[in-house]
Enquirer: 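Please see the structure below; I have some questions.
The structure presented is a predicted model; accordingly, all values stated were derived computationally and were not measured. Proteins come first, then strands; the chains are lettered A, B, ... in the order of their sequence lines, and each starts at number 1. When reading the values below, keep in mind they use all heavy atoms of this one structure, side chains included, and skip hydrogens, waters and symmetry mates.
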Amino acid sequence: SQQGEEDPQALSIQEGENATMNCSYKTSINNLQWYRQNSGRGLVHLILIRSNEREKHSGRLRVTLDTSKKSSSLLITASRAADTASYFCATGTNTGNQFYFGTGTSLTVIP
Amino acid sequence: DTEVTQTPKHLVMGMTNKKSLKCEQHMGHRAMYWYKQKAKKPPELMFVYSYEKLSINESVPSRFSPECPNSSLLNLHLHALQPEDSALYLCASSQDGVFRGDSPLHFGNGTRLTVT
């Protein structure tokens, strides 16, 4: 399987705290994307970072990418109860038309 | 609300039934995908269509049969399923036809399938 792995599997924090989740992958990639999934719903794209980028910001989200370690991290700052969801990394490969998701992190933000 | 529409939202079927899942997008996207997701697991890629042609079949059993009638529609025909096929089936689309991960996937909210 080309699926990546994320840690932690589950994370519970207080509202206002920061949440960090990590993703490791196995193959060479063109870029890496992060998605959020609320319970029972489809996935929503959050941010894309290309293989030649090391860090990217979008609002309260900060993503880093280390291609030498085949890893990425997602930081959510000043978390809110509405951030409660599962978060998945996904890798786009060089061979095209293949897009694999990591194992996911379940985030709970306690009001 | 999502720009990718999936019907039905819920489906219960017996192992001898034939049913179809439908997916529609009107964003002009050139690639469409079927994913299967079991509870508390990540989505698993099943099929990819690029410019209405099947590009990827991730060794999916033949009881699942995809169809792309046109660039906006994607179907998944189901026949003789097993209880272990019960899952959330997600459809997605992306702008790029020859998808190299340069554009995001847009997901529908899925069809919750239960096989009895």
Enquirer: Looking at B/Pro42 and A/Gly102, what are the two nearest heavy atoms and their distance?
Expert: CB-O, 2.9 Å
Enquirer: So for atom CE, which belongs to B/Met15, do other residues, nucleotides or ligands contribute more than 12 heavy atoms lying within a distance under 6.0 Å?
Expert: no
Enquirer: Check each atom of A/Gln9 against the heavy atoms of chain B and say whether the ones under 4.5 Å are side chain, backbone, both or neither.
Expert: neither
Enquirer: Can you name the nearest heavy-atom pair linking A/Gln37 to B/Leu90, along with the distance?
Expert: NE2-CD1, 4.3 Å
Enquirer: Determine whether A/Tyr35 and B/Pro43 make a side-chain contact, defined as any pair of heavy atoms from C-beta on separated by less than 4.5 Å.
Expert: no
Enquirer: Report the distance from atom CZ of B/Phe107 to atom CZ of A/Arg41, rounding to the nearest 0.5 Å.
Expert: 14.0 Å
Enquirer: Under 6.0 Å from the NZ atom of B/Lys38, do we count more than 12 heavy atoms belonging to anything else shown?
Expert: yes
Enquirer: Is the count of non-hydrogen atoms from other residues, nucleotides or ligands lying under 6.0 Å from A/Arg80 atom CZ greater than 12?
Expert: no
Enquirer: So which atom in A/Phe88 and which in B/Lys41 form the shortest heavy-atom distance, rounded to 0.1 Å?
Expert: CZ-O, 4.1 Å
Enquirer: Do A/Leu46 and A/Ile13 share a hydrophobic cluster, counting only Ile, Leu, Val, Met, Phe, Trp and Tyr and linking them when any side-chain heavy atoms are less than 4.5 Å apart?
Expert: yes
Enquirer: Please report the shortest heavy-atom distance between B/Arg112 and A/Gly40, naming the atom on each side.
Expert: NH2-CA, 4.1 Å
Enquirer: Around A/Lys56, counting heavy atoms of other residues, nucleotides and ligands shown, do more than 12 lie under 6.0 Å from its NZ?
Expert: yes
Enquirer: For the hydrophobic clusters of this structure (ILVMFWY residues joined by side-chain heavy atoms under 4.5 Å, transitively), does one cluster hold both B/Val60 and B/Leu11?
Expert: yes
Enquirer: Using non-hydrogen atoms and a 4.5 Å limit, figure out which bit of B/Gln37 sits close to chain A: side chain, backbone, both or neither.
Expert: side chain
